[in-house]
Amino acid sequence: MAATAAAAGEPPPLTDTDIIRMAQNLHRLQQPSSASSCPLPPQLSSPRFHSALVSHLKSRTADSPNPSLAVSEYTLALLSLISLSPQSPTLPPLLSSLLLSYIDLFVSCRFPHDANSLKTIHFFGTLLNVLEINDVQSVAESILSSFPKLVTLDDAQLLDLLPRCIDLIRNSNEVERGGDFINSVFDRVVDSVWSKGLLLKLVSLVREFVFLDKGREREFLEKVFKGMGDLDLQDLPSLVYHLLVLASKGFCKREVVEGLVTFFGSEMELKKGASIFKQVEGTVLLHVNFAVKQDFSLGKEVMRLIKSDGQALNHFAVAVMLSLARIKRFSESALEILKKAILTSYGDYKFAVDCKWLQHEMGEEFLQGFQLVEKAVIRAVNETNCGREHMVPSFLQLAFLLLESAQLGNQKKFCYSDGSSCIEELAIQMLKNLFEAHDMARSEIIEQSKVLILSMKPEQSMSIVRLLAQLIRNYPNAIKEHVSRLKELLDYFTYMDGKVASCLVASLLPLIKISRDILDYMILVIRKAMFRREDTILLAATNAIFDLILVDKQSNDSLPFQDSSSQASCSQQAEAFGCMGGTLYQELIGLLQRCLYQQAKVKRVMYSGLVKLVLADPAIARPVLDLLLPHFLRFYKEDADGQLELTSCVGLENGKVVIEEPLDSLLSCVSWILLLQPHGQSENSSDASWTCFGFSLSQDEVGRRLSWDSFSTALLKIRKLLRAEKLEVLLGQRADSGSGSSEKERTKSCTIILLGITEVVLNTIATELEKATGDKRVQLEKELIDLVEFHHLVEKHLGKPRQINGLRKANVRTTAIDIPDRTDSGCTTLIREQMPLLATSTINQLLQTTLGLYNAKFSNAIATSQSLGQSSFNKNTSCSNIISFVLNILLCHIRSCPVLVRDDPFKTFIYGDIKILGPQLLKLILLLKSVQSSVPNEKTKSRIEGQRDNLHQALICLKDMLMIYLQGPHFAQLLEDLVSVCITEYGLDGENVTYVINDPKLKNIEIFVVKILKPLLSELLAISSFREAEVLGDIMLMITNKLPCQLRNSHGSWATQICKSNGIRDSKVVRSLVLLAFQLSSPPDDLIFAQDVAIKLCKVTGSASDDPVEMSELYPVVNKDTSIAVIICILQSVEAVICDVDWAIRKLKELSLSSQNRNKTNEGELTLDVKLVLEDNLFSRSESVVRVLSSFALMTLKDPQADHFLRMVTRLYKQLAQITKLQIAPRRSKQLLPSTRFQKLVELTCKHLTFQLYNFVAEMQKEQQENANRSRMVGKIKRENRCIPELIFHIEDYEKYLIRLSKVTKVNLLRHAKRSTSRDFKIIEATSIVGEEDNPDHEPGCSRSAAHENESCNASDEDGGEENVMSPESGSRLSADESGSDGEKGNSLPPVKRMRKNGVVQDSDDED
């Protein structure tokens, strides 16, 4: 061929080697300035040589040992020659053929894909503009066709040509409908199957597709996130980086953020491997943090996502938010949004559990939502050691914020048996995990805890103390390194709140086992505190002393201290640690002796602490008595008969008489010690450890038993004194004593002490009675009754009222008892005014004795008994007094039970199992009820009246006992014991009514309600025992709330029948019955009942057109005497429903935003289902509330009830405005027609409530004008002039949104609104009524109703307009007309502005 070409005068064809050499020579010889002037070889310009030039590609792939280098070298050489004269008309065909051939070889994998091929493809890209547009389309088509063969990222090098091809096609005028072509190209890209490498390459190139609209961008991202799960883990960080770059360029920021949060928040580590995936997540978080620093809008999108969609809060979202918190610009907002999201999830869970009208499935869903949030937070904390250490400070801030929020919202009290943590427990768990995993966090946690304890309010700092206690208990060795900070905290012991100080010391107690330094410092701090004057600090220090002694005693056999600052020799160490308890006691005995000279409060705490010591080690009994004996002898004379010096127990302080020595508490302490150590026996093995009190085994035995015998003899003499001596002698009153106020106060104080001493003796007698038999038991019963009579005599001398508001005082010696929060730190209760004087077992014995005596007195079977105990029980007053005393003591005992914390040895000993009192108490109640049921006569009337008070007291005791156990695990056992009493003692059978109940707990509740509470309540109502019936109604309401809906509703129906069949005129019991019927009726029956009662109330109270009636026929409980109580009850119940509606509206708004932002169809459908169910419940409850309140608008209400009603209606219209606003679709969303349920709600509100409210307000202001001159009306007028304008504003605000909704839906929602005039009254200023009566024409600026705006938009006349139902066509005409009206008035809202200008409405509360 070469010879033929030479003969023909044509140049010979060029080989591949010639092309490469020619390109190299030209490159070497050519200057940049002469590039365009170099002539092309003629072989390149001739089309007949092009096929040969292209064929060299295939030959080089086959013949070369390195095909990639060979092909790249030749192709680059040929392209460099072409680039010398790209505008030559013969070169584009050559370039097109060369490129298509190269693509074919590339896709066929004829040579490796490496850097050489990438360089070649990039060179091709610079020459694409030389090609004809048809050739460019062919290249694009060839690339698209190769997609199935592009597997790896190197295979996807070819895609670098695609963006340039699309740009050339899009900008060309030669292609018809180029936009459609490139859209079809991109659609083919999206529809094709993506390999791993193809996905990565497309993500890196998609930002060059500038023609994409938002819809195609979302489709692209959806496919990217769908394919991310198949990628290798090492490819994820780079992919995320490219996605973040895309988002920063405006490529669907929200979708990118949401997709990343959803992908990494899923359970991908189960497929990919947990440890590696966590490391990848850490790298991704660093990418996100860096991207946000470069573009703050990305951070705003993340926070907007978490704020608007609670379902997006997974562990990765938590980590992202806390990573953003490390950026200064987002530090506060990110933590606040995250805290609010957690608290909102928790609040939804709490509400769903408490709300009656939410379906059970919705409650379960909210529970799962909170559990997922909780797990997400804990998981994010646990993964901080996987490359996320930079987020540890943010986690600490969030945890402490949650701790503060838990205290502010009282949420720490809400914790269920299903294991879900409350907010405080969640925060503490976070801090515990951080403390365990990160050394860098420990110092910060301790420092923050110290600062917060010192700076926060006492009730808020208690959560920090609990945190500190758990850290010390779980990580004592780690805390040991930070003892210096804890010592700094102890420096403020004397300046803290007493409760905080006491619990702080208790939380530090575990440290004394491993750190002698902290023990010495605690002792030093306590010594300083004992010299303070503040009661709370002295009490806290006293408690701390006993805590230290008890803990040291328990750890006496543990390992010796390891970090003592001053270590002795080996022998000295052995001696010191062998008697460590004695050394500590010897250090603290002086402080204990000092306590004996402090205030009475401190002494009481000391006496209870000494009992704890004896409980911990009975061997200490005699040393304790030796310590107390000299002090006791100051108030007791050891003569033949013994004499109490009660006057010595009272003194003057700042001119006031005070009790200086609580002798009753001292005797109680001594009596318990003697009862715990009968006959003075003890174990000698433990005596050595108590020699610190100054008594050793070497002392004389007679001296050792001196205190024991002295106290035993003294208590026996005191028992005789109380029965033998006169009251005046015991009180130390003299005939010549003055009658001044100071002397009376002294006598009163002595009497209070004597009451306590009597109870101590009664406790001793009841304890002995428990084991006595025969004549001994009869004698003790007689002594018991005599002392009860004496106790009653002392009470009468004290002047204590027997009854206050139907309830006796529990104990005159017990003032305000501080009931602290239950803690897990094991800290003792801060302060108690006094220790309980009778134990649970003692009270149980008293109840049994009382029941026996009561049966013996009033039972015909043993009426003739002549026993010694019965002879002293002849008077009716004795019967009433002993029952009254026992119930009085029992009530005090039950109400003081929550004062003591769990794991307290004193509680275990004194209170024991308090529920054992339940069966005996129930027996007493049933016996007292039988007396009430008997027909009274002149002889028994006084006795029955006295026993009625006892029955009331007994029911209150039962109510308080049930309240203690209601939320605890022992409630079922208590009810089972109560039910067993009914079955065994009284033969009640519950099988015939509870056969359908399989759960034994629910079965016991049902039996107790049906067989005991209901009959008892009916009987009490029949005999007009209204106080007792009121308490019983509270018990029934409290217990039945634990029943399922169906059973509870049956009891609600029963209560409704009670209201229909009893004409009771006692307002308190009627209020209890109405509340019982309302609370036990399941929705919607509860509001139906409220509506029926409200209609009857309207008749009883009267209205503007009707006169009041005396009593309702259907509900006789609604009468003239009880109407106010029933009105208050119904209004309060409906107000609770309105509060629930507030939550539902907020949740509905969140679900609406969430459904708009959901990208995944199934999640969107799930949210939609929940939204529809919640919306239906919301409309139903709101409709029922409107019906109830419409009846109240017709009533003539008194001032307080009218004000309450106006505030409730104002809140209701505010809610209706928010509901209507939610019906309006947001911008760029499809507007749906309002549901039939919503239209019914609007119609009901306009026809039955708004119209009547205008009349109600008009009547109120008419009354104002008529009574303007009365001075008592001034306050009422001012109150109403604050309520009425705000009500009118919210009514018009509601109608404004109705107009807007009518315009966008073409449905006339205001066709039932009031027409012609906005109102028939004026918003009267208080000054115009109260100030000047001679200016009746004055009227302040007031707003016009939105309904008046609607009037001008309707063509129908005024008379028939309300009854015409408009067609869609007329609705459209209405909307068009309203558009003009609203454009003038609705949008500018001049009425609202005028109201604000005149100071009528303070704020609109309008939410955008």
Side-chain angles (χ1 to χ4, degrees), residues 611 614 618 621 642 664 667-681 708-709 711-724 756-792 836-859 861-862 864-875 878-879 881-890 893 909-914 916-917 919-921 923-924 927 985:
V611 177
V614 176
D664 52 349
L667 288 175
S668 177
C669 171
V670 172
S671 67
W672 281 123
I673 293 175
L674 295 178
L675 290 172
L676 288 170
Q677 288 290 307
H679 311 298
Q681 297 176 357
W708 189 281
D709 296 337
F711 275 119
S712 299
T713 304
L715 285 176
L716 290 175
K717 290 181 178 181
I718 291 173
R719 286 174 65 169
K720 295 179 181 179
L721 282 174
L722 295 181
R723 300 181 65 190
I757 294 174
T758 307
E759 293 177 11
V760 173
V761 176
L762 283 168
N763 180 73
T764 304
I765 295 173
T767 305
E768 296 176 1
L769 187 64
E770 190 174 354
K771 300 178 181 179
T773 58
D775 294 339
K776 178 66 174 177
R777 182 176 183 86
V778 173
Q779 184 179 358
L780 288 175
E781 286 181 356
K782 181 179 184 303
E783 186 177 2
L784 179 70
I785 295 169
D786 291 342
L787 282 177
V788 170
E789 288 296 323
F790 178 76
H791 188 278
H792 175 60
L837 301 179
L838 287 88
T840 298
S841 58
T842 303
I843 298 176
N844 187 47
Q845 181 62 39
L846 287 174
L847 277 172
Q848 292 178 4
T849 304
T850 303
L851 286 170
L853 296 174
Y854 191 85
N855 282 322
K857 176 64 182 176
F858 297 103
S859 174
I862 55 174
T864 59
S865 176
Q866 300 297 323
S867 66
L868 185 61
Q870 300 303 319
S871 64
S872 60
F873 202 74
N874 290 329
K875 296 182 180 180
S878 299
C879 176
N881 288 339
I882 191 170
I883 295 176
S884 175
F885 169 76
V886 173
L887 292 176
N888 191 23
I889 293 297
L890 176 59
H893 193 73
F909 176 66
I910 296 295
Y911 289 96
D913 188 7
I914 200 173
I916 65 173
L917 302 174
Q920 306 299 330
L921 179 59
K923 292 178 183 179
L924 182 60
L927 282 176
E985 298 287 337

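These figures come from a predicted structure and were not determined experimentally.
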* To do: Could you tell me whether the side chain of Q848 reaches within less than 4.5 Å of the side chain of K923, counting heavy atoms only?
  => no
* To do: State the NE2-OG1 distance between H792 and T758, to the nearest 0.5 angstrom.
  => 13.5 Å
* Structure fact -> Taken to the nearest 0.5 Å, the spacing of T849 OG1 from L784 CG works out to 6.0 Å
* Asked: Just how far is it from atom CG of N881 to atom CD of E789, taken to the nearest 0.5 Å?
  -> 4.5 Å
* If we only count heavy atoms from C-beta on, is the F885 to L762 side-chain gap below 4.5 Å? -> yes
* Structure fact -> Output for pair (L838 CG, L890 CG), nearest 0.5 Å, gives 10.5 Å
* Asked: Are L674 and W708 close enough that some pair of their side-chain heavy atoms sits under 4.5 Å apart?
  -> yes
* To do: Would you give the length of the straight line joining atom OG1 of T764 to atom CD of E759, rounded to the nearest 0.5 angstrom?
  => 12.0 Å
* To do: Please report the shortest heavy-atom distance between L921 and L887, naming the atom on each side.
  => CD1-CD2, 4.0 Å
* Any donor-acceptor pair under 3.5 Å from R777 side chain to L769 backbone -> yes
* Structure fact -> Between T850 and I883 the two heavy atoms that sit nearest each other are CG2-CG1, 3.6 Å
* **Atom of L837, atom of G756 and distance for their closest heavy-atom approach** => CD1-O, 3.6 Å
* To do: I would like to know whether R719 and E768 meet salt bridge (Lys or Arg N to Asp or Glu O under 4.0 Å); could you show each step before the answer?
  => CA-CA 13 Å; R719 286 174 65 169; E768 296 176 1; 3.1 Å; yes
* Asked: Side chains of I910 and T840: closer than 4.5 Å at any heavy-atom pair?
  -> no
* **Expected output: side-chain T767 to main-chain N763 donor-acceptor under 3.5 Å** => yes
* Quick one: list whatever passes ring-ring contact (aromatic ring centres under 6.0 Å, His included) with F790, sequence neighbours left out. => none
* **side chain to side chain contact (heavy atoms under 4.5 Å, CB included) between K720 and E783, worked out** => CA-CA 10 Å; K720 295 179 181 179; E783 186 177 2; over 6 Å; no
* Pairwise distance CD(E781) to CD1(I785) - rounded to 0.5 angstrom -> 6.5 Å
